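Only this structure's heavy atoms are used, side chains among them; waters, hydrogens and symmetry mates stay out. This one's a predicted model, so the numbers in the text were calculated from it and none came from an experiment. Below, chain A is the first sequence line, B the second, and so on; all start at residue 1.
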Protein chains: 2
Amino acid sequence: MASSQKPSTRERILDIALELFSEQGYDKTSLRDIAERLGTTKAALYYHFERKEDILLALHLRLHEIGRDVLVRLDELESAQAYVEAWPQLMDELIDRVAQNRELVLLHLRNARALESIGADERHQAENQDMLERFGRLFANPEIPLADRVRMTCSIGAALAGLIDTEDRFGDVDGAVLVELVRGSVRDMLTPLGAPSEPIPSG
Amino acid sequence: MASSQKPSTRERILDIALELFSEQGYDKTSLRDIAERLGTTKAALYYHFERKEDILLALHLRLHEIGRDVLVRLDELESAQAYVEAWPQLMDELIDRVAQNRELVLLHLRNARALESIGADERHQAENQDMLERFGRLFANPEIPLADRVRMTCSIGAALAGLIDTEDRFGDVDGAVLVELVRGSVRDMLTPLGAPSEPIPSG
DNA sequence: GTCTATATTTCGATAGAC
DNA sequence: GTCTATCGAAATATAGAC
């Protein structure tokens, strides 16, 4: 009920900003760039967003929305072992979402520093139980075997590398095919999850 | 013969810039920031570097130097099959070098856009048969099976994710141990390399 | 909601003394 | 090699008319 039909000016600004921020970077994109592409002026943007930062933040919330229920599912797990067991399926889901929102993910990868700066900002502490911070805490959990935590960390990097900013390499490859290949690669890295890496003291 | 002993002002500038650029980003780091940390003034920097860009470029050349012989070895390979067969060992080597130059690699990941901009610059076309561009061409090579190219791409992302910007997660883990765990994860993703993914027309 | 100004700040870069 | 002083350009943000 809260979507579709008219692309409000606000949404149009966000779409343009998404494109420019991920293309040229947040810092190198001026409000003038955005206004020009939108066919209006700098000052007009200030009617919709108080600060430039707020545009970036709104885009961050878009990604947050996309990954929200994945995070919820992550929070429902209660033991270290549960995390490890759930991880491969969670990555399957994550790979899909990343593939469906490449530009938005690229924006976050290419502007990680800028996003950190505004993350420390006043008015978003509630929203900003951030995804990366959340994954970070998970990977720092000493109850999970180190070898597994490293594998989990690497699996995210593998998925991103296989899907993001790959137009020049895999641009002519069908999207679904690429997703399956990435999924397969990640799975192979994750199958040893939970295997005892240090000899277990028996009996 | 061309190293050790006195850290020239030039090198000190580069060390400080490396730290600040990878920490705050190239764009958000002003020459004033660098000068202050060095205990001098903005203008003094211009004696050592003509432009701000040249500082970033010098750091890029540091990384280039580190990866140079890996690229040479890559160039010596002549068949698509040779690439695939050489890849796992090449990744072993790459993982070591990344681990030994984390900050420098982080700088490149976090400032990819800024580096692109100056890469298109006049006076570096020779040096700038760039690493990423080179890997990119390799991964775009249609003679190599797509499944393998995707695996190779993912393996780089996995290595980087496991080694870079991981102080908060794996900060207290011994460096050599982390390297071995990442190496193991990457190997598991690469062992299926060269396996026929599409049924081969027999006979 | 969008416009034309303009205020304000910051930064890269230069000039010239020491 | 480093300094002070300053230029000029660009960017964010604001004021106020329409």
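Counting to the nearest Å, the P atom of C:dG12 and the CG atom of B:L56 are 12 Å from each other. The OH atom of A:Y47 sits 19 Å away from the P atom of D:dG16 (whole-angstrom rounding). Note: CZ (A:R10) to C1' (C:dT2) measures 17 Å, nearest angstrom.
Under 4.0 angstrom from either OP1 or OP2 of D:dT2 there lies no side-chain N or O belonging to B:T41.
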Handout entry: Under 4.0 Å protein heavy-atom contacts per nucleotide of nucleotides 7-13 of chain D, with B for base, S for backbone only and - for none
Key = ----SBB

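A donor-acceptor contact shorter than 3.5 Å links the side chain of B:R183 to the backbone of B:D92.
B:F139 is linked by a ring pair (Phe, Tyr, Trp, His ring centres under 6.0 Å) to B:W87, counting only residues two or more places apart in sequence or in another chain. For B:F49, there are no ring pair (Phe, Tyr, Trp, His ring centres under 6.0 Å) partners, not counting sequence neighbours.
A:F21 does not carry A:K28 over the face of its six-membered ring by the limits of under 6.0 Å from the centre and within 45° of the normal.
The closest side-chain donor-acceptor pair between A:Q81 and A:E85 falls under 3.5 angstrom.
A:N101 CG to A:L107 CG: the interatomic distance, rounded to the nearest 0.5 Å, is 11.5 Å.
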